[in-house]
Amino acid sequence: MVGIVIVSHSHLIAEGVAELAREMGGPDVRLETAGGLDMPDHPIGTDAVLVMEAIDRAWSEDGVLVLMDLGSAVLSAEMALDLIPEERGSKVLLCEAPIVEGAVAAAVTAKLGAPLDHVAREARGGLAGKIAHLGDAGDEEPPVPSAAPAGDGASIRVTVTAGHGLHARPAARLVQTASSFDARVTIRDLTNGRGPADAASLNAVAMLGTTQGHEIEIAAVGPGAPAALAAIRALAERNFDDRPEPEPPEAQRAAPAIPSPDGPGIVRGRPASPGIAIGPARRFRTPDLPIPEGSGPIDVEIASFEAALDHVRDEIARQRALVAGRAGADEAEIFDAHLLMLRDDALLAPTKRAIADDDISAAAAWHEVIERAAQAWDGLDDEYLRARAADLRSVGRQVLAHLLDVPVPRPSLEAPGVVIASDLSPADTVGLDPTIALGIATAAGGPTSHAAVLARSSGIPAVVGAGDALLAIAEGTTVVVDGTAGVIHVDPDESLLAELTAVRDERAVALRDAQASALEPAITIDGTTIEVAANIGSPADAVRSVAAGADGVGLFRTEFLFMGRSAMPDAREQEAAYRETAEALGGRPLLIRTLDAGADKPLPYLDQPPEPNPFLGVRGIRLGLERPELLLTQLRAILRVAADHPLRVMFPMVATVDELLAANELLEGAGERPPTLEVGVMIEVPSAAVLADRLAEHADFFSIGTNDLTQYTMAADRGNVRVSGLADAVHPAVLRSIRMTVDAANARGRWVGVCGELAGDTDATELLLGLGVSELSMGAPSIALVKRQVRTVDLAHARALADEALSCATSAEVRELLRSARIG
Ligand code: PEP
Ligand code: MG
């Protein structure tokens with residue numbers, strides 16, 4: 001008897017389907033399941049080894065039929081096939097039949113002793129009964145009031161009411177619905193005369209250019225035609241499952257943190273990186289990938305095309321799950337449209353034809369097909385639909401990059417100007433050249449988001465959280481980004497432009513003034529030397545930092561070194577980068593923070609499973625301990641350089657003493673520890689501040705990450721502008737944590753630095769020194785100004801100021817206190 005294996009992402013689904021199939025086929029059917037993962041925290045998923053084991057259990061010389069649900073279930077089943085001996089593998093059939101109906105039909109047929117191909121055929125036909133039933137019902141009550149005959153089929157007419165017409169999401173729903181019946185469905189747009197288009201092709205449907213108010217005719221031929229038309233009519237009545245634009249909630253409309261346009265010519269946001277930038281508005285463009293000449297044998301090209309499609313489908317499915325976890329299923333739906341593009345025969349078939357007929361490479365064929373399709377979309381009348389060409393090109397690029405075995409190219413600026421974007425990720429920002437990206441203005445984001453942190457380190461003036469009004473600014477319009485005030489001036493008149501230019505130049509002069517003494521040490525009035533160091537993300541930053549007057553590096557965010565690549569650098573490559581950085585510092589201390597990937601800094605190649613709340617998930621040391629091979633590799637590289645240079649190593653996101661002990665143990669195992677190497681802990685999780693006395697037993701120093709310490713203390717996402725009012729690092733609750741940390745450290749003779757953005761805020765310099773901090777680390781452009789500020793501080797006065805700040809109730813009171821201290 002043929003064996004059957006049910007593969008599902010969910011253990012419960014797999015068991016449920018098996019139960020139903022056994023009920024129909026009888027208890028002695030050889031039926032096994034591979035459902036979900038054997039991980040209590042991540043039960044949903046599929047695992048090739050579990051599938052292989054299920055095939056083993058279901059094994060029969062008559063063969064095994066494997067039924068899968070979607071996405072990675074298929075991949076895991078394919079992988080399982082690779083894992084089993086070849087002679088057995090030839091008798092295992094992966095079947096595309098629907099999992100529930102297929103399992104029932106297969107169980108019944110297998111029980112009769114039918115051969116494997118017959119069982120598979122029955123499984124594939126498993127939907128027939130349902131279709132026949134629904135088709136009959138449709139006949140009794142015809143779903144097609146305005147039906148026009150089309151061959152032996154039928155048709156219906158509907159008016160499209162969805163806000164953006166048949167754009168990606170409604171088109172995707174239409175294609176999904178049409179494809180689920182045994183019928184050939186076509187669509188004509190009666191308003192613009194386009195079509196008929198194959199309803200199984202997202203590309204073809206979108207190409208109709210159907211916008212709101214258009215009448216369309218849907219025709220279907222085949223046994224499932226009535227049911228297909230009924231389902232499509234129901235879908236149209238549901239507005240193609242399009243959602244109306246959500247009204248902002250009351251709280252959001254009233255929230256003071258939401259900046260609003262200030263009249264013509266002014267858009268307000270949040271100051272994120274000080275300074276004034278003037279230039280034409282620019283949007284990112286993604287560079288083209290060079291298509292190499294020549295091609296391999298046709299079958300090899302086709303196989304690599306299929307593999308690239310599989311890889312990207314998997315990647316998009318992963319991103320979908322990630323976004324669904326973070327932002328909800330609705331936000332993730334756009335990825336469904338991307339997945340449909342990768343299954344769209346209107347794109348795949350011509351690519352394969354071109355490979356076979358024109359003797360060109362898969363990369364060249366795919367590029368041509370995507371470009372042709374995208375250009376056709378570009379030519380559509382509707383602006384929203386035109387914009388979907390960008391989706392197509394983006395998906396196309398991902399496949400192309402995989403075919404060419406290069407990283408997916410990142411968007412960049414083609415000419416100098418001010419970057420206007422809805423939001424920037426750290427990966428977008430990390431490579432920005434300040435001579436090209438003169439300023440940054442984003443619609444979303446908060447001032448301590450990692451993109452803002454990077455802008456500050458590069459000295460690029462930035463305003464974030466400026467709202468959607470920003471996105472209406474046309475390319476090339478002159479804009480002025482005032483990153484100190486948090487204002488964007490759009491197309492200012494001549495006199496305003498001259499005024500703002502003068503302010504920019506004045507500030508530049510003040511900065512140059514401060515820079516004149518930036519290379520001197522920062523010594524307070526009472527004679528205490530404060531180490532003023534730089535936060536960096538690359539060896540090149542270290543060179544710039546020394547020129548800016550840094551006494552060392554107080555935070556090397558190593559994860560930025562690992563971005564924009566397709567694999568993790570090995571120990572040798574890391575060692576080279578750390579050594580180059582240490583050499584650039586010429587004997588100044590270099591503090592290397594171990595990888596803080598995760599949350600808003602995912603590294604795609606680490607393949608972290610999606611998390612519902614990544615900022616509270618596996619990031620920093622948690623990832624390092626979960627994947628010790630990553631941390632060990634990094635620690636080995638650090639130890640090799642520490643033998644020759646003054647290094648400090650620091651663990652991020654430590655929340656417990658156990659984590660520190662485990663990290664220290666890995667360090668022990670990574671090689672010989674030079675006596676000069678200092679080992680520290682980042683204090684950025686409230687539990688670490690509270691437990692600082694116990695952590696100090698096992699660490700040489702602390703560095704306070706005020707960005708995360710504030711985010712977690714105030715429960716205010718650092719990337720969310722709507723709560724950025726709450727996330728002020730001088731809030732007394734944060735200041736008390738800093739005081740607690742310093743007291744605990746000093747009691748054991750440990751020093752404490754600050755490497756969060758507060759360290760670069762000259763308004764807070766005296767306060768931090770008064771709290772007992774002895775090292776400040778910041779983006780290089782702030783170093784000169786902070787050093788100048790340190791030289792004005794008297795520590796006795798600073799301590800009194802800190803005591804007063806600690807007794808304040810709100811961050812506004814603290815800011816007011818700091819303002820009057822500055823004036824007085
Ligand atoms: C911090 O959290 O303050 C910090 C310096 O680390 P990062 O900004 O890289 O999270
Ligand atoms: Mg942090």
Side-chain angles (χ1 to χ4, degrees), residues 272-273 424-427 429-430 445-458 462 464 532-538 541 545 553-563 591-603 614-624 648-655 659 680-689 701-720 724 727-731 733-735 737-738 741 752-761 764 768 773 775-780 782 786:
S273 174
L424 290 182
S425 70
T429 322
V430 72
T448 59
S449 64
H450 281 100
V453 166
L454 283 164
R456 234 175 343 258
S457 315
S458 309
V464 296
V532 180
N535 292 351
I536 64 166
S538 68
D541 284 350
S545 303
V553 161
L555 174 64
F556 187 168
R557 288 182 166 99
T558 53
E559 56 281 359
F560 293 147
L561 198 62
F562 299 174
M563 279 178 181
L591 189 160
I592 300 180
R593 176 174 76 181
T594 60
L595 187 66
D596 182 23
D600 64 338
K601 296 177 287 187
L603 296 178
F615 265 119
L616 300 182
V618 182
R619 83 173 265 214
I621 196 65
R622 300 172 188 183
L623 178 68
R648 296 165 177 162
V649 62
M650 175 164 78
F651 301 116
M653 283 293 292
V654 170
E659 285 169 345
V681 174
M682 228 172 143
I683 304 292
E684 53 184 343
V685 179
S687 64
F701 69 91
F702 291 146
S703 183
I704 301 176
T706 48
N707 308 333
D708 279 317
L709 186 59
T710 308
Q711 151 165 273
Y712 297 127
T713 301
M714 304 304 295
D717 182 339
R718 61 195 273 185
N720 183 347
S724 62
D728 187 344
V730 300
H731 193 284
V734 182
L735 299 183
S737 299
I738 297 178
T741 303
V752 179
V754 171
C755 60
E757 293 310 294
L758 191 63
D761 178 351
L768 290 174
V773 167
E775 183 246 25
L776 298 167
S777 191
M778 64 209 66
S782 305
V786 170

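The structure displayed is predicted, hence computed values, not measured ones. Residue indices begin at 1 and follow the sequence shown. Read the numbers this way: they start at 1 and go in the same order the structure lists the ligands and their atoms.
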Check: Do Gln711 side-chain atoms and Arg718 backbone N/O form a donor-acceptor pair below 3.5 Å?
Finding: yes
Next item on the list: Find out whether Met563 and Leu603 are in side-chain contact, i.e. whether some heavy atom of one side chain is under 4.5 Å from a heavy atom of the other.
Entry: yes
Check: Quick one: does Arg456's side chain have a donor or acceptor within less than 3.5 Å of a partner on Pro447's backbone?
Finding: yes
Item checked: Asp708 neighbourhood, listing ligand 1 atoms whose heavy-atom distance to it stays under 4.0 Å -> 1 (C), 2 (O), 3 (O), 10 (O)
Note to self: How large, to 10°, is the angle at the Mg ion (ligand 2) when you draw lines to OD2 on Asp708 and to OE1 on Glu684?
What the structure shows: 100°
Next item on the list: For Leu555 and ligand 1, answer yes if some heavy atom of the residue is under 4.0 Å from a ligand atom, otherwise no.
Entry: yes
Item checked: Within reach of ligand 1, part of Met653 (heavy-atom separation under 4.0 Å) -> neither
Next item on the list: Compare all side-chain heavy atoms of Val553 with those of Ser777 and state whether any distance is below 4.5 angstrom.
Entry: no
Check: Can you tell me the protein heavy atom closest to atom 7 (P) of ligand 1 and the distance?
Finding: His450 NE2, 3.2 Å
Margin query: For a quick test of reading the model, state the closest non-hydrogen atom pair linking Gly756 to Thr706 and the distance between them.
Written below: CA-OG1, 3.1 Å
Next item on the list: Under 4.0 Å from a heavy atom of Arg718: give me the atoms of ligand 1 that qualify, with their elements.
Entry: 2 (O), 7 (P), 8 (O), 10 (O)
Next item on the list: Please could you name the atoms of ligand 1 that Lys601 approaches to less than 4.0 Å, counting only its heavy atoms?
Entry: 9 (O)
Next item on the list: Taking the side chain as every heavy atom from C-beta outward, state whether Ile621 and Met682 have any pair of such atoms under 4.5 Å apart.
Entry: no
Margin query: Quick check: Glu757 and ligand 1, any N/O pair under 3.5 Å apart?
Written below: no
Checklist line | Interfacing atoms of ligand 1 (cut-off 4.0 Å, heavy-atom, Cys755) | finding: 5 (C)
Checklist line | Sub-4.0 Å atoms of ligand 1 with respect to non-hydrogen atoms of Glu684 | finding: 1 (C), 2 (O), 6 (O)
Next item on the list: Flag the pair Glu684 / Met653 as yes when at least one side-chain heavy-atom distance between them is below 4.5 Å, and no otherwise.
Entry: yes
Next item on the list: State, yes or no, whether a side-chain contact exists between Ile536 and Phe560 at a heavy-atom distance under 4.5 Å.
Entry: no
Note to self: Using a 4.0 Å heavy-atom cut-off, which part of Arg557 comes near ligand 1: side chain, backbone, both, or neither?
What the structure shows: side chain
Next item on the list: Show which atoms of ligand 1 fall inside a sub-4.0 Å distance from at least one heavy-atom site of Met682.
Entry: 1 (C), 4 (C), 5 (C), 6 (O)
Item checked: Ligand-side contact atoms (ligand 1) for residue partner Arg619, heavy atom cut-off under 4.0 Å -> 10 (O)
Check: Tell me: protein heavy atom nearest atom 6 (O) of ligand 1, and distance?
Finding: Arg593 NH1, 2.9 Å
Next item on the list: May I ask you to say whether Arg557 pairs ionically with Asp541, meaning some side-chain N is under 4.0 Å from a carboxylate O?
Entry: no
